[in-house]
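Inspection log for the structure reproduced underneath, given as structure tokens.
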2 protein chains.
Amino acid sequence: MNLKQLASELGLSPTTVSRALNGYPEVSEATRLRVAEAARHYNYRPNTQAKRLATGRAMAIGHIIPLSTRHEIVNPVFADFIAGAGEVYARAGYDMVLTIVPDSDEERAYREVRSKGNVDGIIVHGPKVHDARLPLLEELGLPFVVHGRSLGADPGYSWVDVNNTRAFERATSFLLDLGHRRIALVNGIETMDFAARRRHGFERALAARGLSADPALMVSGEMTEAQGHDAARDMLDLPDPPTAFLTASFLSAMGVRRALWERGMRMGRDVSIVTHDDELGYLRNGFDEPIFTATRSSVREAGRRCAAMLLRRIESGASAPENDLMEATLVVGASTGPAPRRSDMTD
Amino acid sequence: MNLKQLASELGLSPTTVSRALNGYPEVSEATRLRVAEAARHYNYRPNTQAKRLATGRAMAIGHIIPLSTRHEIVNPVFADFIAGAGEVYARAGYDMVLTIVPDSDEERAYREVRSKGNVDGIIVHGPKVHDARLPLLEELGLPFVVHGRSLGADPGYSWVDVNNTRAFERATSFLLDLGHRRIALVNGIETMDFAARRRHGFERALAARGLSADPALMVSGEMTEAQGHDAARDMLDLPDPPTAFLTASFLSAMGVRRALWERGMRMGRDVSIVTHDDELGYLRNGFDEPIFTATRSSVREAGRRCAAMLLRRIESGASAPENDLMEATLVVGASTGPAPRRSDMTD
DNA sequence: TGCAGCATCCAAAGCGCTTTGACATCGAGT
DNA sequence: ACTCGATGTCAAAGCGCTTTGGATGCTGCA
């Protein structure tokens, strides 16, 4: 059933039917109702392609997911982010089109998306420090919103981000307040903007107390359980081991916990852990009481906000950049406690 | 730059240019080269919407992701699956459009996708036992391939699935061979087809040795770390606790491991664990030696195969269903060992 | 009564592509 | 010399919608 058929069925012109369905004023309320009724009855749905061609609007948002050719890892936060964004698109009648792109030919992918014209805007995932995609997108003139930011990039773009610097600064201060002085940072890959900021926050909090970060207590890498485990295992073997760990993800924190167990140490007493928690559906940080003390920020909510911001910009034609800085909350769980005094260690 | 402009630039008709670019035979090799050259030079890219309208093909595949309203969990295997499918689509020039649908109005979503006509086919995710979507899709006449199967559904559909029954049957036999008799099953939600089959495999292996499953040793639920932990904690408190666990995911297995640690038991000696491993990028089961003995099957590969099968069917117009049953491999890691004899428990 | 003004509706022209059917041109076959 | 089949090209008709620019009939007011 297409528009022409529906129209002839109703004894009306396609023009009128189209207008009735799209809420234009130049159609009487009576016929509008009649049309709506018939549309429902015949289960009429305008053909998307035709609509798109006629209006010039794709009614779709692109998500370009970089797939690192070196790491061979799909970012696990991705699924939750998409779920959040998807909600918003569904309500607004937009489609979500995904493109998985090996980071080797990202530029080609963006240019192609642009010239094929099958999306009205895109969400940029996983921005790096000095990310080359931002100037490219600016040049292409396609509306976009970045999930995250890019240190060193011209700041004239729109983004939604967690205040990573502040989150890790607060987490570090929290540990310092508990008396910890040897604090390890198990970070994400520091070419990624979020990881770089977290490190800044960490170092800033230390500096504020006249301390400086010990390079032996900082690692940067893929945020997996194995990473957390291996890092903790090595660091705990140092002559002057850390009494606390700051990790970038729930999985890393679980890895650190395993390393503690392996040497019979108790989390929260012998060694403290604070992690960042993206509140992923399948990686809940406990229920009543959090397992880990954490800086918490919902990645799904970030997805919603990114999507909403992009749609707003597209529909209003806005050009002035918009920003949304989400503060993480610091929730205290069972993984932190006062730094053990030397004497505690031996009793 | 659109087709008409390009054509006039070349002094040719749109017809000829279109044919040249799409590899039709009725155009001389000379002009074909000339056109290709000009297209490259002007960076011409045919407008997707127009092409779609003209050809009646959307050049896009839909993925409808059910979002359980009760569990509020996005299936974590999803990201890897998508990455695999995305590879295939990219090579074939198809888009991937995602729709996240609360399971409350799935039917509406499928009908809408059908009548909007913005995809040429869809991939069905997370089939349940007696899944109502399959007859619906059959009725709608939209090509589809299921990732998984549906027990009790009319078998005339196409699917790609892991042999879950066989995998869990083998894993159970493996534990039985090691002398284990009290084996626990920490399963996924058993309304999901894959979980139902795994349970069948488990029970079948026991039955083959004249044993039967103890209901107290079987749980079914969301496959999270907490689930594994809580199940193991409770079961190990039973008067006749299990000596081995069979879990449905890497995360569940990690939870079981935590419960072991908490009571000072050693994995692989006091209690054995076998898990299913979907080979997710961010949940690697060790590197040189697997952490857990596991039935292993790549979900990303499944994504590739689903996508390839669907494209093949769409382009060939095939109607006879196609199936692909992937066998999981049983890899032995450090989490399994012979069942402790009673005396072992006390020395 | 005549006419401006409004409320409704419609015909037709796109949107940018593919594809059908026709039309030149030319060399080969008779 | 004439026909015929390739070969290469094009004009024009869609695909299913939106949107512009009228038409038509009716109301209200001078």
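Quick note on labels: first sequence line is chain A, next is B, and so on, each numbered from 1.
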Test: ring pair (Phe, Tyr, Trp, His ring centres under 6.0 Å). Region: residues 11-55 of chain B. Which pairs qualify, not counting sequence neighbours? none
Pairs involving residues 299-320 of chain A, ordered by first then second residue, that meet ring pair (Phe, Tyr, Trp, His ring centres under 6.0 Å) (sequence neighbours left out): none
Go through the structure and list residues passing ring pair (Phe, Tyr, Trp, His ring centres under 6.0 Å) with A/Tyr89, not counting sequence neighbours. A/His63
Residue-level proximity of residues 33-44 of chain A to DNA chain D when a heavy atom falls under 4.0 Å: A/Tyr44
Taking only residues two or more places apart in sequence or in another chain, which ones pass side-chain contact (heavy atoms from CB on, under 4.5 Å) with B/Ser8? none
Contacts of A/Phe81 meeting ring pair (Phe, Tyr, Trp, His ring centres under 6.0 Å) (sequence neighbours excluded), chain-then-number -> A/His125, A/His147
Strictly under 3.5 Å: I want the nitrogen or oxygen pairs between protein and nucleotides 23-25 of chain D, one per line.
none

Could you list the residues that satisfy salt bridge (Lys or Arg N to Asp or Glu O under 4.0 Å) with A/Glu9, not counting sequence neighbours? none
For B/Arg34, enumerate each residue passing the salt bridge (Lys or Arg N to Asp or Glu O under 4.0 Å) test, keeping only those at least two apart in sequence or located in another chain. none
Got a list of protein N/O to nucleotides 10-13 of chain C N/O distances below 3.5 Å?
{"from": "C/dC10", "atom 1": "OP2", "to": "A/Ser13", "atom 2": "N", "distance (Å)": "2.9"}
{"from": "C/dC10", "atom 1": "OP2", "to": "A/Ser13", "atom 2": "OG", "distance (Å)": "3.3"}
{"from": "C/dC10", "atom 1": "OP2", "to": "A/Thr16", "atom 2": "OG1", "distance (Å)": "2.8"}
{"from": "C/dC10", "atom 1": "N4", "to": "A/Arg19", "atom 2": "NH1", "distance (Å)": "2.7"}
{"from": "C/dA11", "atom 1": "N7", "to": "A/Thr15", "atom 2": "OG1", "distance (Å)": "3.3"}
{"from": "C/dA11", "atom 1": "N6", "to": "A/Thr15", "atom 2": "OG1", "distance (Å)": "2.7"}
{"from": "C/dA12", "atom 1": "N6", "to": "A/Thr15", "atom 2": "OG1", "distance (Å)": "3.4"}

Test side-chain contact (heavy atoms from CB on, under 4.5 Å) applied to A/Arg114 - qualifying residues, sequence neighbours left out: A/Leu140, A/Leu142
Once salt bridge (Lys or Arg N to Asp or Glu O under 4.0 Å) is applied, do any residues pair with A/Glu107, and if so which ones, sequence neighbours excluded? A/Arg111
